[in-house]
Amino acid sequence: MNLDGLNKDQRKAAETLEGPVLILAGAGSGKTRALTYRIANLIDHGVKPWNILAITFTNKAAKEMRERVSSLVGEGGDEVWVSTFHSMCARILRRDIEKLGYTRSFTIYDDDDQSSVIKDLIKQFNIDDKALPAREIKSKISDAKNKLQAPDDWFSQSPRDFRSQQIHDLYDAYERRLRHANALDFDDLLVRTLELFADHPPVLDSYRDRFQYVHVDEYQDTNFAQYSLVKLLTKKSRNLCVVGDDDQSIYGWRGADIKNILDFEKDFKDATVVKLEQNYRSTANILEAANQVIAHNEGRMEKSLWTELPEGDPIELFCAGDEREEAAWICDRIQQLTIAERSCGDMSILYRANAQSRVLEEMLVRAGIPYRIYGGLRFYDRKEVKDIVAYLRCIVNPADDVSLRRIINQPKRSIGDSTITELVRYAGEKEMPLYSALVDVPETLSARPRKCVREFGELMNELVLSREDMSISEFVTLLIEKTQLKVQYERDLSDEGKNRVENIQEFIGSVREYEEATDDPSLEDYLENVALVSDLDTADFESKAVTLMTVHSSKGLEFPIVFLAGLEEGVFPSGRSFNDDQRMEEERRLCYVAITRAREQLYISYATQRMLYNQVNYNAPSRFLNEIPKRLINDEWISKREKIFPGAMDSYQHPTPKRASRYAADGTAGVGLGTGVNVLGISGVQKGFTPSLAKAIPSIAVAAIFKEGDRVMHRKFGEGDVLEIRGAGNEARIVIGFAAYGQKEFALSIAPIVKVN
DNA sequence: GAATAAATTGTTTTT
DNA sequence: CAATTTATTC
């Protein structure tokens, strides 16, 4: 194996093949490179590819690693098992889950499904959902599962109060519900795999034999269940190689335990530790900023990143009046960079919370800048798509009550709440799945609903039968026909309706794509993909568009130019971490991750006033800003702000809160004020490219993104040229020359125009 | 009893 | 602001 392309430390990582290995890899230190070379080297030393397991954090990372290994070793590279924990477990369970009393066609419940089970149980138990909200129960259950605590285990280490008792009861009932529905939630995939291994030693042994060399990437973000699984698998071989960076542990809220990586050397006394400290990604300035910020955390593993790269540009800092100005400044910078021949594909805008993306999107549309947004709503999470998926799940797994309830009256077939309640009661009484009640309809229902239910039952049975003799895509097409799922939207001629029809069409396309790309396609396997594939997994960064995403999503990625928006107290760091040191340290690690995404240029912005979650706040600049040495920052934009947004200050002197206070001090309802500003949102422009549909975003900040000579598109008058911009701030007006309509003048702050290139 | 219109309420991060 | 709950009409 030729390891010349590696530095000294990377080479050590790739050459240490036996025993436990800890690779402490700083941001941008080429850890994926080291890992792929190590795997290739193992194969080179005669290890069979199928005896190697590599666990990554996302499916996309898995795919990339498989490709990189293949390109190093050629044939056989794709025989290496590379997948996420969840995909691996799903695959293991698909084989042997019958030993645990489930069937192989089990359903994987997503977040929504979990919530609906819990909400239903809360109702059934007659629990006050204000004292115990569903989301809290959900996170409690998830926490418990991540720690491998069954309901009784959890209870035995909780305070013996009524509240814990209720949580215990709900957790217990939740578990039984899922079991009855032949369904597993995300956490179950791990828990049940461990259960399988614990109860069936021969199964465990077969996987121990199979996975002689185990690799875990992003080890700092593993939880106790994942840790246990890894330990169990490598107990005999002791060939475990983990890669991670304690400074990039950002999933503590999801049960990830940073101690897993901090204590690795205690766990494996003879572990070889390799530190990758040379950064190949960022300029010296950016790296120094990141190093200084993270130095404010305590209890880190010792390591110091360095680079041979030049100093580079300073970090550009801007203080905006509000979130729209911030967005406008970013758009203006992007336009300037584009003029300097930088591609939009090299740029990314990162933010703490998904909710921040909306304003950015609106402004990007106006400025005519192509962008893609990741996170937020997945394609498979759209209503119309989820409905089809729910049908498919019911057909594959008739015990799946949650999915059945979702579609029993979708599209409308006159099966209302009271009918459903009765069906559920009847099914519960006879201890059978809800599906059976469609055929064995309870006598207690009156004639009309009974007819509707029976018709629906016949439709479903018909579908189940026709699945036998056709391909998956043919079947999905037939299903959409018979259920009239598409027809109902085709009648709707609005943008939303058209969008839904398109999404349904695209769904059929995705099924067909899957069918062609897979050796042995099955509906079960397809549904598993739907459940486990994230938005980011399907992302392509090839297109020349600015990438928008949360800092969390950006982990593992890099961009030449990064905009980091919303660096304010309460936003980043999140207000929820204020009174918890542990969480605050995680916020700081998150900031470290954000900064280290940038290769060449980093732009940071914050706003003195921000409307977020429908509330106006005046936030101080983020503490993380103070942790970056002044000498690395160019803050001249702040003093130029008046020039970029002339007259902008005026409108910020009398900010109008949307609602003064929802409740008066005495507990009576207060009077809402209303902004008086009509915000025409842009609908249907997700992952957007075509700005032609854009409506007006009333904002004086938009002035900054239009200049004389620009070509613009008006919603009514079509394309024209900007001839003149008069006045400033709220009073600013824009004169546009249209070929067909001649010269027109508009108030710039509300004109429905977008820039075109 | 079901479908629709109006009112209320809560939002970090996600495999 | 959208998702969900509640009131009202058919």
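Any value given below was found using the heavy atoms of this structure, including those in side chains, with hydrogens, waters and symmetry copies removed. Below, chains carry the letters A, B, ... as their sequence lines are ordered, and counting in each starts from 1. Bear in mind that the values here come from a model prediction, so they are computed numbers and not experimental data.
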Inset, instruction - Considering just the side-chain nitrogens and oxygens of A/Ser534, establish if one lies under 4.0 Å of OP1 or OP2 belonging to B/dT15. - result: yes

Legend entry - Spacing between A/Arg610 atom CZ and B/dT11 atom P, to the nearest angstrom: 20 Å

Inset, instruction - Mind calculating the distance between NZ (A/Lys138) and C1' (B/dT15) to the nearest angstrom? - result: 13 Å

Inset, instruction - In whole angstrom, give the distance that lies between atom CD of A/Glu585 and atom P of B/dT13. - result: 22 Å

Legend entry - Pairs flagged by salt bridge (charged side-chain N to carboxylate O under 4.0 Å, His left out) wherever residues 578-589 of chain A is involved - sequence neighbours left out: A/Arg352-A/Glu587, A/Glu586-A/Arg589, A/Arg588-A/Glu627

Inset, instruction - State, with a plain yes or no, whether a side-chain heavy atom of A/Glu218 is found less than 4.5 Å away from one of A/Lys31. - result: yes

Legend entry - Closest-nucleotide 5' rank along DNA chain B - winner of A/Asp417 and A/His552: A/Asp417

Inset, instruction - Measure from the side chain of A/Arg583, starting at C-beta and using heavy atoms only, and say which of B/dT12, B/dA3, B/dT14 lies closest. - result: B/dT12

Legend entry - Pair of N/O donor and acceptor under 3.5 Å linking B/dT11 base with A/Arg576 side chain: no

Inset, instruction - With the side chain of A/Arg358 defined as its heavy atoms from C-beta on, choose the nearest nucleotide among B/dT14, C/dC1, B/dT15. - result: C/dC1

Inset, instruction - Find the distance A/Gln114:CD to B/dT14:P and express it as a whole number of Å. - result: 16 Å

Legend entry - A/Tyr251 over B/dT14, stacked by centroid distance under 5.5 Å, angle under 30°: no

Inset, instruction - Assign A/Phe57 to base, sugar-phosphate, or nothing according to its heavy-atom contacts below 4.0 angstrom with the strands shown. - result: sugar-phosphate

Legend entry - Rounded distance (Å) that lies between atom P of B/dT12 and atom OH of A/Tyr351: 15 Å

Legend entry - Distance test, side-chain N/O of A/Arg135 to OP1/OP2 of B/dT12, below 4.0 Å: yes

Legend entry - Any side-chain donor near an acceptor of the partner, A/Asp400 and A/Tyr109, under 3.5 Å: yes

Inset, instruction - Please determine, by modelled atom types, if A/Tyr526 and A/Ser510 share a side-chain donor-acceptor pair under 3.5 angstrom. - result: yes

Inset, instruction - Quickly work out the A/Glu586 CD to B/dT13 P distance and round it to whole Å. - result: 14 Å

Legend entry - A/Arg448 vs B/dG1: side-chain N/O to OP1/OP2 distance below 4.0 Å: no

Inset, instruction - Tell me whether the OP1 or OP2 atom of B/dT14 has a side-chain N or O from A/Ser553 closer than 4.0 Å. - result: yes

Legend entry - N/O (side chain, A/Asn354) to phosphate O (OP1/OP2, B/dT14) under 4.0 Å: yes

Inset, instruction - Give a yes/no answer on whether the side chain of A/Ser414 brings an N or O atom under 4.0 Å of OP1 or OP2 in B/dA3. - result: yes

Inset, instruction - Ignoring the backbone of A/Ala353, work out which of B/dG1, B/dT13, B/dT15 is nearest its side chain. - result: B/dT13

Inset, instruction - Measure from CD on A/Gln582 to P on B/dT13 and round the result to the nearest Å. - result: 21 Å

Inset, instruction - Using a cut-off of strictly less than 4.0 Å, decide whether A/Asn409 has a side-chain nitrogen or oxygen near OP1 or OP2 of B/dA2. - result: no

Legend entry - Lys/Arg N to Asp/Glu carboxylate O, A/Asp110 vs A/Arg378, below 4.0 Å: no

Inset, instruction - Only pairs at least two apart or in different chains count here, so list each side-chain hydrogen bond (donor to acceptor under 3.5 Å, both in side chains) that has a residue in residues 562-577 of chain A. - result: A/Glu568-A/Arg610, A/Glu568-A/Asn619, A/Glu569-A/Arg623

Legend entry - Whole-Å distance separating the CD atom of A/Gln220 from the P atom of B/dT13: 20 Å

Legend entry - C/dT6 to B/dT11 separation - P atoms, rounded to the nearest Å: 16 Å

Inset, instruction - Would you indicate, yes or no, if B/dA2 has its OP1 or OP2 atom less than 4.0 angstrom from a side-chain nitrogen or oxygen of A/Thr419? - result: yes

